[in-house]
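I have placed the structure first, in the form of structure tokens, so that the comments after it can refer back to it.
Letters go in sequence order (proteins before strands), and every chain restarts at 1.
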Number of protein chains: 2
Amino acid sequence: MVANEKLPHPEREDIELTAVLFALSDEARLALVQQLKEGPMDMANCSALDPNAPKSTRSHQVKVLREAGVIISELHGRNRRLTLRRDDIDARFPGLLESVLQEESALQE
Amino acid sequence: MVANEKLPHPEREDIELTAVLFALSDEARLALVQQLKEGPMDMANCSALDPNAPKSTRSHQVKVLREAGVIISELHGRNRRLTLRRDDIDARFPGLLESVLQEESALQE
DNA sequence: ACCATGGTTCGATAATAGTTGAACTGTTTG
DNA sequence: CAAACAGTTCAACTATTATCGAACCATGGT
């Protein structure tokens with residue numbers, strides 16, 4: 001039972017490849033996904049989301065990933081806990097996440 | 001020896017993941033890449049490039065894929081022969097193309 | 001109940017991307 | 001060499017995305 005799911009997430013079968021690719025085609029969003037491969041994180045702790053940026057900007061980046069079906073964003077205390085939808089993406093597009101997550105350059109430069 | 005290479009193509013090591021993902025995040029461009037997995041094709045014969053669209057539009061779509069390093073566009077007679085850079089993409093991002101090319105939906109709907 | 005925290009939403013503006021016609025380039029064919 | 005063909009480039013326009021401040025909303029702590 002997932003707590004308080006107010007923000008819409010696409011069902012697995014509604015996840016579209018082009019939307020996923022687009023969501024991942026941004027350095028910042030890709031870096032965030034890289035960070036989430038280790039496990040769920042609270043949004044406030046994600047260093048990949050520039051802490052200097054306004055929160056509306058951070059919220060927007062997360063929204064794009066969420067609406068594409070790449071991550072789940074659920075209420076957890078007063079934070080948002082972000083979880084990579086690894087199973088769903090793997091089921092829809094086998095091998096895609098693995099190949100993207102291998103790449104380290106997004107975090108380095 | 002490749003014939004008459006006037007248009008710039010990035011070197012293998014300069015191909016960026018985000019640029020590739022972005023190039024593939026468009027239905028039309030993805031469909032073109034799907035079509036090219038069978039082998040090189042002349043631009044004029046690619047049904048994935050809407051034949052009703054103006055040629056400047058088709059040229060633009062090809063340009064995005066070329067500049068991202070996804071395809072090679074070389075002069076071949078009075079056509080452009082398009083070739084998927086499978087080896088280069090595989091070398092840079094192993095598994096990525098395979099996972100994207102498995103997906104059929106782009107050609108179907 | 002109040003306040004601080006962490007985030008969302010809205011609306012405006014800036015930046016980036018796509019579309020297209022017209023003019024131009026290179027190549028084949030007559 | 002001229003016309004036709006295939007495509008590129010340019011410039012103007014449209015459309016989509018991103019950024020950001022301000023107002024708002026829910027939760028946790030006191």
Side-chain angles (χ1 to χ4, degrees), chain A residues 2-9 16 18-33 35-36 40-68 70-83, chain B residues 2-9 16 18-33 35-36 40-68 70-83:
Chain A
V2 175
N4 235 325
E5 193 87 357
K6 312 207 165 173
L7 301 175
H9 295 74
E16 287 181 33
T18 48
V20 171
L21 295 176
F22 179 78
L24 297 175
S25 73
D26 173 80
E27 287 286 354
R29 290 190 300 251
L30 181 59
L32 177 56
V33 170
Q35 200 164 43
L36 292 178
M41 279 186 86
D42 283 354
M43 205 172 145
N45 298 331
C46 292
S47 60
L49 291 169
D50 179 7
N52 301 333
K55 42 192 187 173
S56 52
T57 300
R58 290 197 300 272
S59 182
H60 173 70
Q61 300 281 41
V62 168
K63 181 185 187 185
V64 173
L65 287 166
R66 172 178 53 80
E67 290 183 339
V70 178
I71 65 176
I72 287 172
S73 168
E74 53 192 348
L75 222 42
H76 179 249
R78 41 185 167 185
N79 294 347
R80 288 263 161 209
R81 168 153 297 180
L82 306 183
T83 309
Chain B
V2 176
N4 236 327
E5 192 87 357
K6 311 210 164 171
L7 301 176
H9 295 72
E16 287 180 33
T18 49
V20 171
L21 295 175
F22 180 80
L24 297 176
S25 72
D26 174 81
E27 287 287 354
R29 291 191 298 252
L30 181 59
L32 177 56
V33 170
Q35 200 164 43
L36 291 179
M41 279 187 85
D42 283 355
M43 204 173 146
N45 298 330
C46 293
S47 61
L49 292 169
D50 178 6
N52 300 333
K55 44 192 184 172
S56 51
T57 299
R58 291 197 301 271
S59 182
H60 173 71
Q61 301 281 42
V62 168
K63 182 185 186 184
V64 174
L65 287 167
R66 172 177 52 79
E67 290 182 338
V70 178
I71 64 176
I72 288 174
S73 168
E74 54 192 345
L75 222 44
H76 179 248
R78 42 185 169 182
N79 295 347
R80 290 264 161 204
R81 169 153 295 180
L82 306 183
T83 310

[options]: which one has an atom nearest the side-chain heavy atoms of [X]?
X: B:T57; options: D:dT27, C:dT19, D:dT19; result: C:dT19
X: A:A44; options: C:dT20, D:dT8, C:dG7; result: C:dG7
X: A:F22; options: C:dT19, D:dG28, D:dA18; result: D:dA18
X: A:R29; options: D:dG7, D:dA18, C:dA22; result: D:dA18
X: A:H60; options: D:dA18, C:dG26, C:dT19; result: D:dA18
X: A:K55; options: C:dG21, D:dG7, C:dG6; result: C:dG6

Take the protein atom [atom1] of [X] and the nucleotide atom [atom2] of [N], then report the distance between them rounded to whole Å.
X: A:K63; N: D:dT17; atom1: NZ; atom2: P; answer: 12 Å
X: B:N52; N: C:dT20; atom1: CG; atom2: C1'; answer: 14 Å
X: A:N45; N: C:dG6; atom1: CG; atom2: P; answer: 9 Å
X: B:L65; N: D:dT8; atom1: CG; atom2: P; answer: 12 Å
X: B:M43; N: D:dC5; atom1: CE; atom2: P; answer: 17 Å
X: A:N79; N: C:dT5; atom1: CG; atom2: P; answer: 12 Å
X: A:D42; N: D:dA26; atom1: CG; atom2: P; answer: 20 Å
X: B:R66; N: D:dG7; atom1: CZ; atom2: P; answer: 13 Å

message: Testing the basics here: between A:L24 and A:L30, what is the closest heavy-atom pair and its distance to 0.1 Å?
response: O-CB, 3.6 Å
Is any side-chain heavy atom of [X] less than 4.5 Å from a side-chain heavy atom of [Y]?
X: B:S73; Y: B:M43; value: no
X: B:D42; Y: B:R80; value: no
X: A:T57; Y: A:D50; value: no

task: Mind checking the CG-CD spacing from A:L21 to A:E16? Nearest 0.5 Å is all I need.
output: 11.0 Å
field: Residue mapping more 5' on DNA chain C - nearest nucleotide basis, B:A53 or A:R58
entry: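 Mapping each residue to its closest nucleotide by heavy atoms, the 5'-most match is A:R58.
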message: With a 4.0 Å cutoff (strictly under), does any side-chain N or O of A:Q61 reach OP1 or OP2 of D:dT19?
response: yes
- prompt: Using a cut-off of less than 4.0 Å, is there contact between a side-chain N or O of A:R78 and OP1 or OP2 of C:dG7?
  reply: no
- prompt: Contact class for A:R81 (heavy atom, under 4.0 Å): base, sugar-phosphate, or nothing?
  reply: nothing
query: Less than 3.5 Å between a donor and an acceptor, one on the side chain of A:S59 and one on the base of C:dG7, is that the case here?
result: no
